Each structure stands twice: as C-alpha cells, then as structure tokens.
Q: 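I'd like to ask some things about the structure below.
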Number of protein chains: 2
Amino acid sequence: MLTVPLFRAYFLDNEIVKGRDMAGPVQSRRDQNKVEKRGRIIAAARALFTHKGFDATTTQEIADAAGVAAGTVFTYAKTKEDLLILVFHDEMLEVADDAYKAARKRPDLLDQVIVFFETMVAYHARDLPLARALMRQLGYVSGDDQRTLVRELMRSVYGKLALLVEDAKGRGEVAASSPLLASARSLFAIYYLHLGAMLNGYVDREQFDRDLRTELGLLMRGLA
Amino acid sequence: MLTVPLFRAYFLDNEIVKGRDMAGPVQSRRDQNKVEKRGRIIAAARALFTHKGFDATTTQEIADAAGVAAGTVFTYAKTKEDLLILVFHDEMLEVADDAYKAARKRPDLLDQVIVFFETMVAYHARDLPLARALMRQLGYVSGDDQRTLVRELMRSVYGKLALLVEDAKGRGEVAASSPLLASARSLFAIYYLHLGAMLNGYVDREQFDRDLRTELGLLMRGLA
DNA sequence: CATAATAATTGAGCGCACTCAATTTTTGTG
DNA sequence: CACAAAAATTGAGTGCGCTCAATTATTATG
C-alpha cells in the first residue's frame, strides 16, 4: 500500500523537495497536485479579493489566475464564500498567535485581553469590507472542510484566551473557581458582537474601543 | 401639501379602513399601494420560506405569489436575503416582548435573563435552517431600510435587558455602578455567540443551555 | 508494459438573483 | 378636465455561481 514506485523516488530526490520530510506517509503524486493547486487557488483568490474586493471578484477570474478550470475551484471550496475561510484561515491563526504574544507582555488580564483583541481588530481594520465578508462567513460555513478550519481557528483563540485567564489565576487576579473555557468564550463573545457592530457601521472604531473596554471590565469583575 | 382630494376622502370612508386613524399624515394612494404590496410580498415570502426553505425559494416565486413583477420585490428589499429581515422583523419584536413578559415573572436576574433568551431560542428552534439564515442576515444587512429595522430590533432587545438589569439594581442584586446598556449588551453577546454555535451545529441544544447558564452566571458575578 | 479501476479536472450549460430602459400609475397644477 | 412631472412597476435581459457528464490523469494489478 505504501510502496513507492521507482520513478517516484527519482522525483522525490531530484525535483520535488518541498514537504519531503513532513510527518505522515509520503505524498502521492495526486496529493502533491492537490496541495499545489490548492495553494495556487488560495493565492489567486487572496490577491483578487484584496485587490478588487470580494464581490467584484468572479470565481472565473480566480480559476484563470490559478490556472485551473472554473469547476475545479469548487472542489476546494463548496461556495465562493467558503473560499474566504480557505484563504484567510492560516493568516488568522497567525494573527491569533501574534495577539497572544503581544498580550503576554501586559501585566494584568484586562490589559492583556484588550491587547489581544486590538491586535485582531488591527488586522481586520486593514480591509473593512473584506473583514465584514470574512466574519460573516465564519458564522455560516457551507463545506465540511471549511467547518473544520473554523473549528480549529476557534479552538486556537479560545485556547489562548484560556491561557491568559489561567495565568491570571496564578497571579490571583481571577478566582480559581472560574471555568477557563467558559471565561474565554465570554470574553470572545463580547469582542465578537462589537466587532460585528463596527464592521457593519453601527459604531465607529473609537466607540468600539470604549465599549469593548467597558464590557470586558464588567465581565472581569465577575471572574475575579 | 396635506390637502386631501375628495375622491380620497370617499375611499377613506368606505373602502379602506385599516390604519385610518394611525398617527402621521393621511396616506396618499401611492403610500397605500406601497404598504399593501409590501404586505403581500412579506406574506408571500414568509409562506414560501417556511414551507420550502429559504434557498429553495426563488424571488420569482415570491413575486408571483405576491402578484407583482419580479423586479418589484427588489424595491422593498435590496437582496433576497434582506427579505428575511423584512419578513421576520415584526415577529421578532413580538418575541422580544413575550420574552420580556415571561422573564419578569422570575425572581432574580439570572433566571430572568435565561428565561428571556430561552424564549427567543424556542422561537428559532421551530425552524433551525431558517433561523440560521435569518441570524446570518442580521449581521450583514444590505439595504438602508433593513438596517433601520435591525437597529430597531436591537434597541428593543437591549432596552428590555436593560430594564431587567435596572430592576435588579433596585433589588440590590446588581451594583448601582454597573452601566445598564453595557450590561445588556454583554448579556446579549453571550447569547448571540452560543446561538450561532448551535445554529451552525457546533453544539446541541443541551450543551447550549448549559453553556449559556454558566457564562451568564459568570458575567452576573461581575455585575453584582 | 498493458489494462482496469479510480480519482481529479474540465468547461459548456443552467438556473437564479438582480438590473434598467420602457411603460404605467399617481400626483400636482392651471 | 387636461396636461406635465414624478414615482412606481414591469419583465426581458444579463452576468455569475455552481453543476455534472465527459474527459484526462493517476494508481493499482497481473
């Protein structure tokens, strides 16, 4: 089953190096092609979305730019909008990492959480219309693959917030009885609602910052 | 400007009674027609959405059922999805009213808030796919009219929650220093996040109930 | 290497949301 | 009532997301 034909070994040693020593079974040619095409589609979609905007970009354009047929795009994402998840998943994971690193430098939990969310907002603020489309899709995925990606993203964010809360417990800022995951989710819930309000133009950035601070502080009193 | 032609008075006294003694200037024939058509479109869309589902319903079907041309539908909602707001706005306002009435019967704030949200969930639970589509659209309105409707809805919900918090202050359950609107929004934020998780199948109804209770309780400690 | 089985890709075609120039309806005015 | 201006409605047309039968590429087997 895992036997590798000789010609494959040749290619592995000479042409295709990327990902050779990654975990798991050696990739078949099929999987290689899929990964490569997926990458091209993601790159093409990202470039077009950021340059022309989500609505103005057609799936045909994405297919052309990626060098695949129109139909192929839809084997990697069930809908045009699911492409948003595919395209920005990795980037958002990184942003969450950065946000966590920045947060850890602050002394107390409230500051930490605010820095955490402000880092994420700063990312979205670079392209508000796109962020709006992206956030919309985060709450309405079509395909199973994308659903998995969203799950992973949320796990990561909740996990990082939970770590911050846990450390705060160590410092005595938060009661030991406060459940970590629930606390993390409550914090995120507040951020999420206000981000939506901002992206939809119900409040401006300043109002957002103020509201966020106020309400996170309110919740923080409960955790203490 | 507000002069009413004689033939209008005739119609007002004989044919068209509904809304005659409502506030504001007497409706012109144009406005009457608009209101009437709007009503037919809303009724047609609601029937089709609930019977066939949102995706399976075409705007042409809605137009036919309402007795208008295809294009007319889009003068009342910019997109098919904005129709969701138009259709369910009034109903959701009523649900919020019912939720508030049910909540007031409970003794303490946590119970009240849980009853409040459970009433709203019960409404959504009647048709989960539709609720999912509706909730999605609440966070992504296209037209200005619908945006106004959403604003009104949120004002109503926040207002009712704020009333509950205010009463709780009177009973000494909540600190006088806790800002009403911010408290209301934080409570709603928690509900909103978990409702989304449930509608998207990340958690089942039981898990939803438990999470909601836990996290509302957490916040409640902060308000106290 | 030949051949069958399986998976991936293709792109023409379809259905539907939405547009907009033309038409009809309503209102304001003399 | 006649007529012009304004507003509302119409529905054929358009573009695009998405499908799926046909084709091509890859893998498994003797």
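We name chains A, B, ... by the order of the sequence lines, and we start the count at 1 in each one. Because the structure is a prediction, the values reported are computed rather than measured.
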Q: Quick one: label B/T57 by what it contacts on the DNA or RNA (base, sugar-phosphate, nothing), any heavy atom closer than 4.0 Å.
A: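 Answer is sugar-phosphate: B/T57 comes under 4.0 Å of backbone atoms only.
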
Q: Rounding to an integer number of Å, can you tell me how far A/K78 NZ sits from D/dT19 P?
A: 8 Å

Q: Check the distance between C/dA8's P and A/R40's CZ and give it to me in whole angstrom.
A: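 After rounding, the gap between these two atoms is 16 Å.
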
Q: Would the distance check show the side chain of A/T148 and the main-chain N or O of A/D144 forming a donor-acceptor pair, the cut-off being under 3.5 Å?
A: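 Flag set: sc A/T148 to bb A/D144 pair under 3.5 Å.
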
Q: If only side-chain N and O atoms of A/Y76 are considered, is one of them under 4.0 Å from the OP1 or OP2 phosphate oxygen of C/dT9?
A: yes

Q: Grab the CD-C1' distance between B/Q60 and D/dG11 for me, whole Å please.
A: 8 Å

Q: Nearest 0.5 Å, please: how far is CZ in A/R132 from CE in A/M198?
A: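 The CZ atom of A/R132 is 12.0 Å from CE of A/M198, to the nearest 0.5 Å.
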
Q: Counting only heavy atoms from other residues, nucleotides and ligands, does the tally under 6.0 Å from CZ of A/R40 exceed 12?
A: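 Counting other residues, nucleotides and ligands, CZ of A/R40 exceeds 12 neighbours.
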
Q: Would you call B/E118 and B/R213 a salt bridge, using N to O less than 4.0 angstrom?
A: no

Q: Does a nitrogen or oxygen in the side chain of A/T58 sit under 4.0 Å from OP1 or OP2 of D/dC16?
A: no

Q: Have a look at B/V73 and say if it touches a base, only the backbone sugar-phosphate, or nothing, with a 4.0 Å heavy-atom cut-off.
A: nothing

Q: Pick the closest DNA chain D nucleotide for A/F54 and for B/G67 by heavy atoms, then say which residue is nearer the 5' end.
A: B/G67

Q: Check the distance between D/dG17's P and A/Q137's CD and give it to me in whole angstrom.
A: 14 Å

Q: So which heavy atom on B/K80 is nearest to which on B/F74, and how close?
A: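 Nearest pair, atom of B/K80 first, then B/F74: N-CE2, 4.1 Å.
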
Q: Counting side-chain heavy atoms from CB outward, which of C/dT10, C/dA8, D/dT10 is closest to B/V68?
A: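 The answer is D/dT10.
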
Q: With a 4.0 Å cutoff (strictly under), does any side-chain N or O of A/K37 reach OP1 or OP2 of C/dT9?
A: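 It does, given that an N or O in the side chain of A/K37 lies less than 4.0 Å from OP1 or OP2 of C/dT9.
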
Q: Can you check whether any acceptor in the base of C/dT9 is under 3.5 Å from a donor in the side chain of A/R30, or vice versa?
A: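 Check fails, no donor-acceptor contact within cut-off.
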
Q: When the distance from CG of B/D64 to P of D/dA12 is rounded to whole Å, what number comes out?
A: 12 Å

Q: Given atom CG of A/D31 and atom C1' of D/dA25, what is their separation to the nearest angstrom?
A: 14 Å

Q: Quick one: is A/N33 getting a side-chain N or O under 4.0 Å of the D/dT26 phosphate, OP1 or OP2?
A: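 Answer yes for this pair, as a side-chain N or O of A/N33 is under 4.0 Å from OP1 or OP2.
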
Q: From the options C/dT19, D/dT19, C/dA8, select the nucleotide whose nearest atom is closest to the side chain of A/K34.
A: C/dA8

Q: If I take atom CZ in residue A/F74 and atom P in nucleotide C/dA8, what distance separates them, rounded to the nearest angstrom?
A: 18 Å

Q: Using atom CD1 of B/I62 as one end and atom C1' of D/dT10 as the other, report the distance to the nearest whole Å.
A: 17 Å

Q: Can you find a side chain N or O atom of B/K80 that sits less than 4.0 Å from OP1 or OP2 on C/dC16?
A: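 Checking B/K80 against C/dC16: no side-chain N or O falls below 4.0 Å of OP1 or OP2.
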
Q: Examine D/dG17: is either OP1 or OP2 under 4.0 Å from a nitrogen or oxygen in the side chain of A/T59? Give yes or no.
A: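 Indeed, a polar side-chain atom of A/T59 lies that close.
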
